[in-house]
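The analysis underlying the following values was restricted to heavy atoms, covering all of them including side chains, and did not include hydrogens, waters or symmetry mates.
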Amino acid sequence: MRDFYGVTLPNALMLGTAQYPSPAVMEAAFRESGASVATVSLRREAGEGQGFWKIIQSLGVRILPNTAGCHSAKEAVTTARMARDLFETSWIKLEVIGHADTLQPDPFGLLDAAETLAADGFDVFPYTTEDQVLAQRLVDAGCHVLMPWGAPIGSGMGLNNRHGLRMLRAALPDIAMVIDAGLGLPSHAAEAMEMGFDAVLLNSAVAQAGDPAAMARGFALAVQAGGLAHGADPMGVRDMGVPSTPLLGRAWL
């Protein structure tokens, strides 16, 4: 697996910590998922207090604070700096929301905030679209990881623009990429890994399932299967059928 700012993760699944019915359910889901990274909102930490933070620490995973809910570069930068002090990490998942309905990132605010935070020593994980121009600008700004969306946050649609995502993956082969947002089923995660992405990040698909722990386990297996499939160099798609049994030795009547 490609490293993330010098860190090699043991598992390609990243999991959010919001929307679970209870802290105990969240903890069980993490245990079943084997996730190596937990995303945590500064606002959620402030609201839940020390009890929530102790549970997160007990999971034994890396913490990826995020700037969820920020709608301007200034707000995101301020939130990121507060998160660095609280969580004692330079990692930050950068969100600058530009559209209220789709929760699509604001490309201009995102780039502005990424430039500021990268210059300030942050390891920036920008939540972005599959736009190649924006992706290259973010890389030029100092982002060594990109987090393109699969679909709008919380939608469960899966991978809305497969062609665009494949083009982005091919355009920046040396950049670690995490499919973030919109995944609803383990099959969506498997497909992302089959396409060559390095990890997936999800929250709602597990937290809002009838059995979050079982769904987390399903995603864990799907991520593993997709990664193995990509590494195995899959066969290409063909326009016509090709017999799997050779014609040599066929009986002619």
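Between the side chain of H230 and the backbone N or O of G226 there is no donor-acceptor pair closer than 3.5 Å. One N or O on the side chain of T17 and one on the backbone of T39 form a donor-acceptor pair closer than 3.5 Å. Between the T78 side chain and the K74 main chain, a donor and an acceptor come within less than 3.5 Å of each other. For the pair S90 (side chain) and F122 (backbone), a donor-acceptor distance under 3.5 Å is absent. Looking only at distances, a side-chain donor or acceptor of N11 sits under 3.5 Å from a matching main-chain atom of G34. A donor-acceptor distance shorter than 3.5 angstrom exists from the side chain of D198 to the backbone of M177, with no hydrogens or angles considered.
Put simply, the side chain of F125 does not reach to within 4.5 Å of the side chain of N66, judged on heavy atoms. For the pair E95 and C70, the minimum side-chain heavy-atom distance is 4.5 Å or more. Proximity of T67 to E75: side-chain heavy atoms (C-beta onward) are nowhere separated by under 4.5 Å. No side-chain heavy atom of Y127 sits under 4.5 Å from any side-chain heavy atom of V96. Between L202 and V200, some side-chain heavy-atom pair lies under the 4.5 Å cut-off. Looking at M215 and P186, their side chains come closer than 4.5 Å, going by heavy atoms from C-beta outward. Using a 4.5 Å heavy-atom threshold, the side chains of L15 and N203 count as separate. Side-chain atoms of T128 and M147, non-hydrogen and from C-beta on, never get closer than 4.5 Å to each other.
Here the rule is side-chain contact (heavy atoms from CB on, under 4.5 Å) with T116, and of L111, V77, V124 only V77 fits it. Exactly one residue among E191, E130, R166 makes a side-chain contact (heavy atoms from CB on, under 4.5 Å) with L159. That residue is E191.
The distance from the CD1 atom of I179 to the CH2 atom of W149 is 12.0 Å, given to the nearest 0.5 Å.
V139 and L165 fall within a single hydrophobic cluster, where Ile, Leu, Val, Met, Phe, Trp and Tyr side chains are chained together by heavy-atom contacts under 4.5 Å. Transitive grouping of hydrophobic side chains (ILVMFWY, heavy atoms separated by less than 4.5 Å) keeps M157 and F219 in distinct clusters.
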Test salt bridge (Lys or Arg N to Asp or Glu O under 4.0 Å) on R31 and E27; report intermediate values, then the result.
CA-CA 6 Å; R31 301 296 183 196; E27 186 174 6; 3.4 Å; yes
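Enclosure of atom OH in Y5 by more than 12 non-hydrogen atoms of other residues, nucleotides or ligands within 6.0 angstrom is indicated.
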